[in-house]
There are 2 protein chains.
Amino acid sequence: MTIKELAQELEMSTTTVSRVLTGQEKKYRISEKTAQRVREVADKLDFAPNQIARNLRLQKTNTIGLIIPDISNPFFANLARTVEEELRRRGKMVLLCDTKDDTDLEQESMALLKGRKVDGLLVAPVGKDSKHFMENTSLPVVLIDRYFEDQNIPYVTTDNFFGAYEATSFLIEKGHRNIACIQGLAGTTPNDNRVKGYQEAMKTHGLMDCIKVVGDDYSMENGYANTKELLARPEAPTALFALNNQIAMGCMKALKENEFHIPNDISLIAFDEQPLFELLSPPLTAIKQPMETIGKVAVEILFELLEGKKVNPQMLKPTFIERASVSAIPIKP
Amino acid sequence: MTIKELAQELEMSTTTVSRVLTGQEKKYRISEKTAQRVREVADKLDFAPNQIARNLRLQKTNTIGLIIPDISNPFFANLARTVEEELRRRGKMVLLCDTKDDTDLEQESMALLKGRKVDGLLVAPVGKDSKHFMENTSLPVVLIDRYFEDQNIPYVTTDNFFGAYEATSFLIEKGHRNIACIQGLAGTTPNDNRVKGYQEAMKTHGLMDCIKVVGDDYSMENGYANTKELLARPEAPTALFALNNQIAMGCMKALKENEFHIPNDISLIAFDEQPLFELLSPPLTAIKQPMETIGKVAVEILFELLEGKKVNPQMLKPTFIERASVSAIPIKP
DNA sequence: TTAAATTGCACAATCGTTTGTGCAAAACTA
DNA sequence: TAGTTTTGCACAAACGATTGTGCAATTTAA
């Protein structure tokens, strides 16, 4: 059913029908009687305007593209959830693209979404390459989680430095000295800031020489392989700091295989929280990123961008969740 | 840049340009020389046709709506992942709707997506109410996970009866008699079939009188509360069968609080697998649904529907993953 | 050389809306 | 009553693509 057919049914012009249905009856002086009748009949025939045609005419799709590296990672799944909710609340829908941590796919996704004339883009970039972000200046973009320091694209992220600093300090205060940090993708801002937080905490406590950063990927495999390698060293660390949830899972798998028990044989802290962490034996100490807030703020910023306002990047504080995966060890003299 | 401008640049009609760009040059006898030139210039100015306009003209959006109850549940997140991947491979994009287990939101989502003229719908329905599915007969729909027996809508699902039967039998063979089943939303097909599988296994083994089904929701809270209640009974069960991952998590939380140790004090099996289950102490025995296959098959069926073919519902076999959360107990005489 | 067939492209309608503008009829003013 | 203002609605042109059809120009056939 088109507006034309509806107009025919009503024996009036599409113009009038359209104006009533878009709530512009007063602006164009449609009589209340006519307006009533239009609404009534439209309702009865449950007419809904063709969005495609509207989009074409209005040059606006009320659609936002959401590009994330891996929706099966609870971190991003949670993000997607709040983003979808917020956008829907504001009358927009979301086109989802999963880039599988692949820069090419990310680039392709951006092109596809741009071709579909989305009103804006919410991107948790893979992070290694940023040039395609600069080529698409016409489209409002807000970055989430990972961002680019050398570029002027608004972003929302966790204060990764702070979180890592706090966690590392906690380990040190518990008496740990030999703390290994297993990192994710080097070169991406969250990773690098977490590493910096770790390093800074070590330095502050005079443990400059103990700094040990290994790994190169946000994956379980990376956590697994590097933990294995660390355990094989003559001076195995007394504590591990895994820079994301996947890595932490790899750590746990390796520890389990080698029969290293947490926290007696070794301590573990993970960046990123996950519901099951609480239920592990022992429960896993973690740094929780404020996912809900991140999603909400990202949408807010995007809307400000759409309204042509100036916006500022946002850095949100994470929460340190102390659980039983860290043991106190006597400080060696 | 519109096709009109491009045509002006080339000094020819939009007709010709369009025909070349849509690969119909032979059909309409455009000379190879002209075609070449069009492609060249289009490429140089990197022209991309406005999808909205195409959509309107072609009455087709190359977009599929994906409606799921909760993207933050790993089960659905994994589903979303494979669905997105498959659809992209076939040139479609996905509009995501999270219904938060709310029938009203589900209904609203369907209306929104229909208004946006998606080519088809992939829905993991909340499951309590199905009338809105019947009202939208015009749109190809494939149901995932939950479906409606009294209606003729194609679906893809796990063989829930089989999975539950197998798991329950396993417990019985290990010597368990007092096995409690904590269910999800009664009235939804997956739940009911799982319950039936449990019941059938009990009956087959002469344990008709031991059947104990409690609970009413696919949530952690439900698992938690009912476990607490079960433990408080004079005859606490020796094994729990949690009908999904969330419920299982609730069980574990309650068991932990009451200092019931798995598997010595009580055994636990979960319907649904999750990466972390393997890393628990002890690792959790689970029934794994073939998410990848489910996603792929759902997309396949949807495409057959789009091509106007007849399709059949699909029921896929789950995999039983035996781990250490079940203990053998001596059989009482 | 002329008629017929083929080649190469353009005109204009269409998809379903929204909206600037125009024009009667009704209401008001003097 | 004649002129002015207000009211109520419709015409037709966009938005940017695709496509059935028509019509010259060229090639082929006779």
Side-chain angles (χ1 to χ4, degrees), chain A residues 1-42 45-63 91 112 114-119 138, chain B residues 1-39 41-42 45-63 91 112-119 138:
Chain A
M1 148 130 294
T2 73
I3 202 177
K4 207 167 168 181
E5 292 165 347
L6 178 58
Q8 234 149 40
E9 187 73 24
L10 283 159
E11 293 185 315
M12 53 179 84
S13 77
T14 64
T15 307
T16 306
V17 177
S18 170
R19 283 177 172 149
V20 171
L21 261 29
T22 53
Q24 307 192 73
E25 62 233 51
K26 271 154 293 178
K27 181 173 164 198
Y28 288 106
R29 301 178 313 235
I30 311 293
S31 73
E32 186 48 34
K33 193 178 120 205
T34 307
Q36 283 268 327
R37 212 161 68 81
V38 169
R39 277 190 290 262
E40 211 168 275
V41 176
L45 305 180
D46 66 25
F47 164 80
N50 182 317
Q51 293 298 322
I52 312 293
R54 291 198 87 209
N55 290 345
L56 178 58
R57 173 66 225 233
L58 300 177
Q59 299 288 67
K60 183 166 186 252
T61 57
N62 282 323
T63 306
L112 282 172
K114 196 179 172 191
R116 293 192 171 230
K117 305 285 175 217
V118 293
D119 297 340
S138 55
Chain B
M1 148 133 293
T2 74
I3 202 176
K4 207 166 168 182
E5 293 166 347
L6 178 58
Q8 233 149 39
E9 186 74 22
L10 283 159
E11 293 185 317
M12 52 178 83
S13 77
T14 64
T15 307
T16 304
V17 177
S18 170
R19 283 178 171 146
V20 170
L21 261 30
T22 53
Q24 307 193 74
E25 62 232 53
K26 272 155 294 180
K27 182 174 164 198
Y28 287 107
R29 301 179 312 236
I30 311 293
S31 71
E32 186 48 35
K33 193 178 117 203
T34 308
Q36 283 269 327
R37 211 160 68 80
V38 170
R39 276 190 291 262
V41 176
L45 305 180
D46 67 25
F47 164 80
N50 182 317
Q51 292 299 323
I52 310 295
R54 289 198 87 210
N55 290 347
L56 179 58
R57 174 65 225 230
L58 300 177
Q59 298 288 66
K60 182 167 187 250
T61 56
N62 282 322
T63 305
L112 282 173
L113 291 170
K114 196 179 172 191
R116 293 192 171 228
K117 305 285 175 217
V118 293
D119 297 340
S138 55

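Below, chain A is the first sequence line, B the second, and so on; all start at residue 1. Just so you know, these numbers use all the heavy atoms, side chains as well, and skip hydrogens, waters and symmetry mates.
Contact record, B:Gly115 with A:Gln51: O-CG, 3.1 Å, taken as the closest heavy-atom pair. Across all their heavy atoms, B:Gly91 and B:Asn62 have their closest contact at O-CB, 3.9 Å.
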Residue pair A:Leu6, A:Leu21: steps toward the side chain to side chain contact (heavy atoms under 4.5 Å, CB included) verdict
CA-CA 11 Å; A:Leu6 178 58; A:Leu21 261 29; 4.1 Å; yes
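Across the protein-nucleic acid pair, B:Leu56 atom CG and C:dT14 atom C1' stand 9 Å apart, rounded to whole Å. When rounded to the nearest whole Å, the span between CD1 of A:Ile3 and P of C:dG16 equals 12 Å. Rounded to whole Å, the distance from CZ on A:Arg37 to C1' on D:dC9 is 13 Å. Rounded to a whole Å, the NZ atom of A:Lys26 is 18 Å from the C1' atom of D:dC9. The separation between A:Asn50 atom CG and C:dT14 atom P is 17 Å, rounded to whole Å. Residue B:Ile52 contributes atom CD1, which lies 11 Å from atom C1' of D:dC15 at whole-angstrom precision. Here C:dG8 presents its C1' atom at 16 Å from CD of B:Gln36, a figure rounded to the nearest Å. For A:Lys4 and C:dC15, the NZ to P distance is 7 Å, given to the nearest whole Å.
Dashed line: the shortest gap from a side-chain N or O of B:Thr34 to OP1 or OP2 of C:dC9 is under 4.0 Å. When the side-chain nitrogen and oxygen atoms of B:Gln59 are compared with OP1 and OP2 of C:dT14, none of them lie within a distance under 4.0 Å. A close approach under 4.0 Å does not occur between any side-chain nitrogen or oxygen of B:Thr15 and OP1 or OP2 of C:dC9. Contact between the side-chain N/O atoms of B:Gln24 and the OP1/OP2 oxygens of D:dT18 is not found at any separation under 4.0 Å.
Side chain of A:Arg116 to backbone of B:Ile52: no donor-acceptor contact under 3.5 angstrom is found. A donor-acceptor pair under 3.5 Å is formed between the side chain of B:Thr22 and the backbone N or O of B:Ser18.
Of the candidates C:dA12, D:dT18, D:dG16, the closest approach to any side-chain atom of B:Leu58 belongs to D:dT18.
Partners of A:Ser31 according to the side-chain hydrogen bond (donor to acceptor under 3.5 Å, both in side chains) rule, which considers only residues two or more places apart in sequence or in another chain, are A:Thr34. Every salt bridge (Lys or Arg N to Asp or Glu O under 4.0 Å) that B:Arg39 has, sequence neighbours left out, goes to B:Glu25, B:Glu32. The side-chain contact (heavy atoms from CB on, under 4.5 Å) search around A:Gln8 returns none, not counting sequence neighbours. A:Glu11 pairs by the side-chain contact (heavy atoms from CB on, under 4.5 Å) definition with nothing, not counting sequence neighbours. Remark: B:Asp119 engages B:Thr61, B:Lys92 in a side-chain hydrogen bond (donor to acceptor under 3.5 Å, both in side chains) (not counting sequence neighbours). Every residue two or more places apart in sequence or in another chain that forms a side-chain contact (heavy atoms from CB on, under 4.5 Å) with B:Thr15 is listed here: B:Ser13, B:Arg19. Partners of A:Ala7 under the side-chain contact (heavy atoms from CB on, under 4.5 Å) rule, at least two apart in sequence or in another chain, are A:Thr14, A:Val17. Not a single side-chain hydrogen bond (donor to acceptor under 3.5 Å, both in side chains) links B:Arg54 to another residue, sequence neighbours left out.
Across residues 5-13 of chain B, not one residue has a non-hydrogen atom less than 4.0 Å from an atom of DNA chain D.
Looking at heavy-atom distances under 4.0 Å, A:Gln51 makes no contact with the nucleic acid at all. A:Thr2 comes within 4.0 angstrom of sugar-phosphate atoms only, judged by non-hydrogen atoms across all strands, and of no base. Heavy atoms of B:Ser31 sit under 4.0 angstrom from primed sugar atoms or phosphate atoms, though from no base atom. Note on A:Arg54: only backbone sugar-phosphate atoms sit closer than 4.0 angstrom, heavy atoms only; bases stay farther off.
Judged by closest nucleotide on DNA chain C, A:Met1 is the one of A:Lys27 and A:Met1 placed further toward the 5' end.
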Collect all protein-nucleotide pairs involving nucleotides 21-28 of chain C in which both atoms are nitrogen or oxygen and the distance is under 3.5 Å.
none

Check: protein-nucleotides 25-27 of chain D nitrogen or oxygen pairs below 3.5 Å:
none

